[in-house]
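Here's the structure we're looking at; comments come further down.
Residue numbers start from 1 in every chain, and the chains themselves are labelled A, B, ... in the order their sequence lines are given, proteins ahead of strands. These figures come from a predicted structure and were not determined experimentally.
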Amino acid sequence: MSILDALNPPQREAASTVAGPLLVLAGAGSGKTRVLTYRIAHLVRELDVAPWRILAVTFTNKAAGEMRERIEQLIGDQAEKVWIGTFHAICARLLRYEAQAFGLDPNFTIYDEDDRRALMRRLFAALNLDDKELAPRSVISQISSAKNAMIEPLRFTQEANGPRQRQIGEIYTAYETALRQNNAFDFDDLLVEVVRQFDQHKDVLARYQDRFQYILIDEYQDTNRPQYLLSQQLAGQHRNICCVGDDDQSIYQFRGADIRNILDFEQDYPEAHTVRLEQNYRSTGNILAAANAVIGHNKHRKGKELWTQADPGDRIDLVHNDTDRDEARFIIRTIQKHRDNWDFNTSEIAILYRTNAQSRPLEEELQRARLPYTIVGGIRFYERKEVKDLLAYLRLLVNPSDAVSLQRVINVPKRGIGGTTVERVQNYAREQGFTLYSTLGQLDQVPGLNARARKHLDEFYGLLKSLRQRHEEVGLEELVADVLENSGYRAMLHAENTPEAEARRQNVEQLQAFISEYAQNNEEATLTSFLEETALMTPQDDAEADAETAKGGITLMTLHSAKGLEYPLVFICGLEEKLFPTLRAIDEEAADPQAIEEERRLFYVGITRAERRLYITYARLRYTYGNLVETLPSRFLEEIPQELLKASLETRESGWTGRQRSARPGRKPANRRPDSPTRPSKPKRTTPAPEGVHYEWDEGSQPSRADFDEAIDQEDFLAVGRWVLHGTWGRGQITARQGSGAEMKLSIRFSGQTKRVAVAYAQLEPA
DNA sequence: ATACCCTTCATTTTT
DNA sequence: TGAAGGGTAT
């Protein structure tokens, strides 16, 4: 009798093959997490392995938390001692534990994207660079790629091609120097630094190699170069490394994930075993067949075919709408229908999309329908301005070298320290090679400061010094209260009497609550460890997000965020060329067919999230950058076999597009937002369709040029010389007209002045 | 020093 | 469309 009896044969093989390297190719919904948790339970309970000698690496903090919980159910308290975490969290921990051996200051700060941008902006100023000539964004991304490829500044500069690359090399060098001066690491550094340090300190590495007798790595298809190297380093001695992944679900190559890590596993470890988990326990037969068919179009695969014992279930609904707004309305109506029929309740439903921007119409329609929902991955709690301000103060207390944080709060709340003043101090600090903070202690040396500025700077320095003193003396909660009080931040929030300020107050209070909770739950809670945790949090990890989900709402998120999740009813929307696959992937296609394949994998991930019912939608017209743009159906749609698709009965019966609108002709002034002239309300079909039948993909009624042009003809009232009414400017006469369709712009003479107006935005009515 | 207005730019994706 | 940054007016 073994724990593993609960597994199917391949799962059991994967969980019980503990000696030597093992690659588990786990298809979507094949019980991957189950294998991982049972494997650990088996090691501890049946093979008597000490839990602290096991290392499990996951892709997200959330996955780490869930894994720990599930292991706890199998082996109890012992689960606490297993090392479980993301690569980033584990690396941050290693850097602090081994700071002394590595010659580091353990109080380093972890810079997020925001901090990184702030630092880069400052570097551009210091190096006298023009950010119009060279986009900081692009520099940051190139530096990040370089780090992920383990190329350090020196080598980057040496191998640079042309003056531009050399310049980026210089910026990279300056960026790294600044990070070190600030005693800070960015996300990429956390990984790269550990790998380098282990290379240089083999004795330290040897300790961990010896310690981690068993290593498990989840989502192996999405590991990048440094993560791969770290895995190799740590597994170097025992070689009991179990990598679990699915090459078909590799969706992070754009940010440096290297699919070769999984494809070449058997070459890296010649003695490796490979187990395939191909039985799917999640989806109905039709959904699975669609997924298999779609992914079958990719050429670069290990090869794997999922199967299921489940019934075929319903066919997949492929639904075509006029506009993105209609698409949103259709989805909401369908949800209401399913809810009213008791097919699904709202917490069982997910709406997935390619880009975050697509969430807006959905959100608006959900609100209108008063349906509960949560958007995953919006702005995370720890990125809100007031929260970051407060955290910046706290970071400064443990790491005064952190110039990014220092500059963030030096004049927040306002204390009369302006940009010019800061610049003077900064210049002096740079010239002398001092940190910004230490320069505050010797202001009399800084040239060009007036007495007032000096006084204010001195007071600020005094504030930080006294708070640092408090940090030594009091607990976390009291410290935070002191920061808020003594910095004047609380007073600032209270002075402003607006609803926004009230929201900010609440956020600050919530942060205080989190800190209290953290202090109570962790016996050895320090400010440093708290800051580390918050730095590595993602929106999905926010307690707030969890609470929202628990309320039973519909979940909205990008396809990327949906990885690893499952829902009984799934909508995938926006299946249109240039959106999904993205324009970028299409452009790159000629040079790199991999780009489209990654998009296809993303679609595959989306399809396989669905358990019982799947809707795939696309719109003929979509707002893009504020313009209404004609679209083409995604190439991926053709890859789903017709027999798996349903002639969409729902839309047929309700006939909501045609009827609703034609029933109330001209019910609104020609030009109200949702039905503006550039937004054809209901293009007439050349061949009349049966009453109530909605356009559909398989009816061959793809958007035609004629439909579009016809709609635009409605804009005759916008001819030169006509009088129109403008929402803001009142009555005016059209004096000129440029462009057509969504791009049309008018010059209109109002009483007093002439304005140029984009028809797509302006709310115009005939006057 | 601050506020507002204007222009520009962006849409992948996240640790 | 919108956010965000820069520039100009106050």
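With rounding to whole Å, A:Leu602 atom CG is found 11 Å from B:dT13 atom P. Between A:Gln358 atom CD and B:dT11 atom P the separation is 14 Å, expressed in whole Å. The separation between A:Lys147 atom NZ and B:dT15 atom P is 18 Å, rounded to whole Å. In this structure, A:Glu576 atom CD and B:dT11 atom C1' are separated by 14 Å, rounded to whole Å. Atom OH in A:Tyr220 sits about 20 Å away from atom P in B:dT15, given to the nearest Å. Here the C1' atom of nucleotide B:dT11 and the CE atom of A:Met557 are 19 Å apart, to the nearest Å. Protein atom CZ of A:Phe87 is 19 Å distant from nucleotide atom P of B:dT14, rounded to whole Å. Straight-line distance from the NZ atom of A:Lys563 to the P atom of B:dT15: 10 Å, rounded to whole Å.
Residue A:Phe187 has its side chain nearest to B:dT15 when only C:dG2, B:dT14, B:dT15 are considered. Out of B:dT15, C:dG2, B:dT14, the shortest distance to the side chain of A:Asn356 is found at B:dT14. Taking the side chain of A:Arg255 as heavy atoms from C-beta on, and the options B:dT2, B:dT13, B:dT15, the nearest nucleotide is B:dT15. Which of B:dT11, B:dA1, B:dT14 sits closest to the side chain of A:Arg137 comes down to B:dT11.
Here A:Asn61 does not reach the OP1 or OP2 of B:dT15: none of its side-chain N or O atoms lies under 4.0 Å away. Of the side-chain N and O atoms in A:Arg121, one or more sit less than 4.0 angstrom from OP1 or OP2 of C:dG5. Remark: A:Arg360 is not in phosphate contact with C:dT1, judged by side-chain N or O atoms under 4.0 Å from OP1 or OP2. Side-chain N/O atoms of A:Thr558 include one lying less than 4.0 angstrom from OP1 or OP2 on B:dT14. Put simply, A:Ser561 has a side-chain N or O that comes within less than 4.0 Å of OP1 or OP2 on B:dT14.
Of the two residues contacting DNA chain B, namely A:Ile417 and A:Ala585, the nearest-nucleotide position lying further toward the 5' end is that of A:Ile417.
The two residues A:Met120 and A:Pro136 have their closest heavy-atom pair at CG-CB, 4.1 Å.
Checked against the 6.0 Å centroid threshold, A:Phe185 and A:Tyr111 do not count as a close aromatic pair. Aromatic pair A:Phe59/A:Tyr252: centroids less than 6.0 angstrom apart.
With no hydrogens or angles considered, no side-chain donor-acceptor pair links A:Glu532 and A:Ser529 at under 3.5 Å. For the residue pair A:Asp247 and A:Gln221, no side-chain donor N or O sits within less than 3.5 Å of a side-chain acceptor on the partner.
Where stacking is scored as ring centres under 5.5 Å apart with planes under 30°, A:Phe254 registers as stacked on the base of B:dT13.
With P as the reference atom, B:dT13 and C:dA4 are 14 Å apart, rounded to whole Å.
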